[in-house]
2 protein chains.
Amino acid sequence: MINGIRNVDPAIQEAVRQAIATTGYVPNRAARSLVTRRTGAVALVLSGAGDDSAPSPILADPFFGRVVSGIISFLRPRGIHPVLMFAESDASRAEVVSYLRQGDADGALLVSTHAADPLPAQLVEAGVPAVLFARPARPVPISYVDVDHRAGAALAADRLVELGRRRVATICGPLDVPAAQARLAGFQDAMARHGHAFVPYSEGGFTYDSGEQAMERLLDGHPDLDGVFVANDLMAQGALHALRHHGRSVPGDVAVIGFDDSSAATACRPLLTTIRHPVEDMAAEMGRLLLEHVHEPGRAPTSVIFEPALIMRASA
Amino acid sequence: MINGIRNVDPAIQEAVRQAIATTGYVPNRAARSLVTRRTGAVALVLSGAGDDSAPSPILADPFFGRVVSGIISFLRPRGIHPVLMFAESDASRAEVVSYLRQGDADGALLVSTHAADPLPAQLVEAGVPAVLFARPARPVPISYVDVDHRAGAALAADRLVELGRRRVATICGPLDVPAAQARLAGFQDAMARHGHAFVPYSEGGFTYDSGEQAMERLLDGHPDLDGVFVANDLMAQGALHALRHHGRSVPGDVAVIGFDDSSAATACRPLLTTIRHPVEDMAAEMGRLLLEHVHEPGRAPTSVIFEPALIMRASA
DNA sequence: TTGAAAGCGCTAACAG
DNA sequence: CTGTTAGCGCTTTCAA
């Protein structure tokens with residue numbers, strides 16, 4: 001009755017509501033959860049390398065906030081709350097699995113920063129409903145959302161060609177992560193379609209510094225380059241600095257395109273033209289998929305791929 | 001017995017352990033929580049302005065990740081997990097309060113980005129154990145941790161004077177937030193002690209763009225300035241850009257000191273000299289204080305103030 | 001010392 | 001349709 005299901009005398013209903021309001025009654029969720037076998041919580045687990053004492057650098061990345069934001073926007077209206085967890089070591093991974101098995105949360109949303117993360121497989125094995133942020137490096141029967149990295153990279157290639165750039169290079173991410181591979185391959189393929197068979201590249205680690213250094217290397221080997229696609233905005237920011245340092249104007253001498261449309265893209269000058277990674281929408285979709293699995297345990301894994309978009313600003 | 005409290009025949013203990021290991025038994029926390037009246041969860045609430053649909057911009061700030069990191073490092077070894085919540089509107093604040101009263105979490109860690117946030121007072125009224133990240137703008141009998149903003153600003157002033165800078169200005173944060181006020185006042189006082197009675201200042205909003213604009217205004221009114229203290233690193237990054245744009249070298253023409261020692265401080269060139277805000281340590285201390293209140297309900301509010309430190313890099 | 005039993009606050013299945 | 005009752009899985013108290 002307290003849930004307003006049965007039809008009761010309206011006067012009584014009102015009286016009860018009054019009582020509730022004055023008493024400040026609130027149902028106890030532990031008790032409810034004990035019988036319904038649902039907690040109204042999902043684990044948001046950040047899984048990466050590194051050790052447990054110093055949680056992964058993903059926290060320093062504005063990307064993390066966007067994921068959280070998207071997840072919350074979907075979960076909150078449904079009365080579900082995310083519980084934050086890290087899984088950087090075997091011990092903490094085991095803890096996460098046991099937490100989920102204890103029924104402390106109804107499922108897991110997993111953002112993995114490391115290529116060969118064993119957690120997805122462990123979650124599947126434990127029979128825990130789970131959804132990943134990106135396609136797992138090794139095939140695992142699990143749901144995930146992802147962005148079409150190749151298509152995004154192709155957008156960048158098209159733009160560079162449209163601008164008439166002919167000596168184009170790229171700074172890619174760590175090649176053991178699938179997303180970095182896909183962005184590089186997508187860019188190379190698209191440039192090939194435009195008649196550029198060979199595209200020099202330099203590998204970075206998705207950080208500001210690594211972007212700066214990769215740009216230095218590129219400039220070393222190809223001082224005449226006039227366009228560069230950088231696999232994320234943070235590295236692009238670093239690349240911008242290296243270009244300025246070497247007297248190149250952007251976009252005059254060299255056009256630069258980033259990837260992500262993160263806050264870094266507007267925290268540099270010139271403002272960065274970039275490929276929008278719809279992180280918030282993707283995170284919300286993770287929530288949706290997870291609830292599907294929670295409510296329908298047998299459900300087969302699904303993947304949802306999002307389309308990126310070119311965001312034109314000043315750098316290209 | 002399963003908790004290993006009573007002394008049982010070791011052989012039996014071993015047998016049970018075996019059984020547990022093979023069966024994969026895990027205790028159910030909802031059931032335990034029902035009787036112990038403890039959940040093993042605390043709410044991490046981000047409270048700010050803005051509307052619920054687009055969670056606060058604090059998420060885009062690397063500061064958020066540092067807070068989370070510090071909190072987790074303290075909570076995890078104790079088997080406690082943070083539940084993420086936003087409170088941007090009256091409705092969501094009410095939801096947070098009711099969540100806590102439902103006993104869904106043992107207490108709240110509150111990071112407020114807005115000056116006159118009513119949530120701290122509401123939490124106190126509801127009798128919920130809570131700890132704030134910074135001193136509340138309006139006095140509320142509640143525990144909090146903070147950094148000595150005045151002392152940090154004084155460190156910056158001392159450094160600028162030590163460098164022989166004589167035409168010094170400052171970019172402060174929004175003056176309705178106590179921390180911004182304290183940094184400004186601390187800087188002015190310290191400069192006064194060094195014989196500089198008047199320090200021009202320009203107000204920003206703690207964002208990159210606002211820092212850039214504030215620097216423009218300062219340069220407009222005081223083209224000969226040779227040192228500037230900026231109330232956070234993000235604004236300092238923007239200020240750096242404005243200075244470069246106006247042909248000033250850093251630190252040659254103008255020395256720049258930021259505040260926070262956030263990731264922005266190393267994602268700009270020259271590397272930013274700044275005041276270290278020990279966010280992670282403070283966040284961990286919040287956890288400690290909260291557990292104290294949880295275990296000892298009557299406890300009087302406490303505050304813990306941390307000392308900032310000057311981090312010397314290239315900009316000053 | 002060890003085992004049995006009584007709830008914690010709720011939901012769901014059950015009679016009335 | 002409405003009121004009653006039996007657990008959910010644990011901890012804690014109380015007998016044995």
Side-chain angles (χ1 to χ4, degrees), chain A residues 1-43 78-81 83 95-107 126-129 291 294-297, chain B residues 1-43 78-81 83 95-107 126-129 291 294-297:
Chain A
M1 292 135 280
I2 217 150
N3 307 314
I5 298 173
R6 301 210 184 166
N7 37 350
V8 195
D9 182 332
I12 308 235
Q13 276 193 3
E14 185 48 33
V16 171
R17 203 199 324 289
Q18 284 286 343
I20 290 177
T22 58
T23 318
Y25 170 84
V26 279
N28 176 311
R29 217 193 294 209
R32 168 180 296 171
S33 160
L34 187 56
V35 43
T36 60
R37 261 83 230 312
R38 283 272 151 69
T39 62
V42 300
R78 289 162 183 78
I80 299 186
H81 301 275
V83 176
E95 198 192 297
V96 167
V97 172
S98 114
Y99 183 85
L100 268 332
R101 296 204 4 170
Q102 276 187 319
D104 255 341
D106 299 332
V128 172
L291 293 198
V294 167
H295 292 122
E296 197 182 321
Chain B
M1 292 136 279
I2 217 149
N3 306 314
I5 297 172
R6 302 213 182 162
N7 37 349
V8 195
D9 181 333
I12 307 239
Q13 277 194 2
E14 184 49 32
V16 172
R17 201 199 326 290
Q18 284 285 342
I20 290 177
T22 59
T23 318
Y25 170 84
V26 279
N28 176 311
R29 215 191 300 208
R32 168 179 295 170
S33 158
L34 186 56
V35 43
T36 59
R37 263 80 229 315
R38 283 269 151 69
T39 62
V42 300
R78 290 161 183 78
I80 299 185
H81 301 274
V83 175
E95 199 190 298
V96 168
V97 172
S98 114
Y99 183 86
L100 267 331
R101 296 201 7 169
Q102 276 188 319
D104 256 341
D106 299 332
V128 171
L291 293 198
V294 167
H295 292 121
E296 198 182 320

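In what follows, every chain begins at residue 1, and chains take the letters A, B, ... in the order their sequences are listed. This is a predicted model, so every value here is computed, not measured.
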* To do: Could you tell me whether B:Arg37 contacts a base, only the sugar-phosphate backbone, or nothing, with contacts defined as non-hydrogen atoms closer than 4.0 Å?
  =>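 Touches sugar-phosphate only.
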* Structure fact -> salt bridge (Lys or Arg N to Asp or Glu O under 4.0 Å) filter on A:Asp104, not counting sequence neighbours, yields B:Arg29
* **Separation of atom CG in B:Asp104 from atom P in C:dC10, rounded to whole Å** => 12 Å
* So do B:Val42 and B:Val294 actually touch side chain to side chain, heavy atoms under 4.5 Å? -> no
* Asked: Once you round it to whole Å, what is the distance between P of D:dG7 and CG of B:Asn28?
  ->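 After rounding, the gap between these two atoms is 18 Å.
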* Report yes or no: does B:Asp106 contribute a side-chain atom to a donor-acceptor pair with the main-chain N or O of B:Arg38 at less than 3.5 Å? =>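 Answer holds: no.
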* Asked: Which residues pass the side chain to side chain contact (heavy atoms under 4.5 Å, CB included) test with A:Asn28, sequence neighbours left out?
  ->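 Listed in chain order: A:Ala30, A:Ala31, B:Leu34, B:Arg37.
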* Please list, chain by chain and in numerical order, all residues satisfying side chain to side chain contact (heavy atoms under 4.5 Å, CB included) with B:Val35, sequence neighbours excluded. => none
* For B:Arg32 and D:dC10, what is the distance between atoms CZ and C1' respectively, to the nearest whole Å? -> 8 Å
* Asked: Who pairs with A:Ser33 by side chain to side chain donor-acceptor pair (under 3.5 Å), at least two apart in sequence or on another chain?
  -> none
* Structure fact -> Picking from D:dG9, D:dC10, D:dT11, the nucleotide nearest the side-chain atoms of B:Pro27 would be D:dC10
* Considering only side-chain heavy atoms of A:Leu34, which listed nucleotide, C:dG9, C:dC10, D:dT11, is closest? -> C:dG9
* **Separation of atom CZ in A:Arg29 from atom C1' in D:dC8, rounded to whole Å** => 17 Å
* What is the distance from CZ of B:Arg38 to C1' of C:dG9, rounded to the nearest Å? -> 18 Å
* Give the angle between the helix axes at the two ends of the helix from C:dT1-D:dA16 to C:dG16-D:dC1, taking five base pairs at each end and rounding to 10°. => 60°
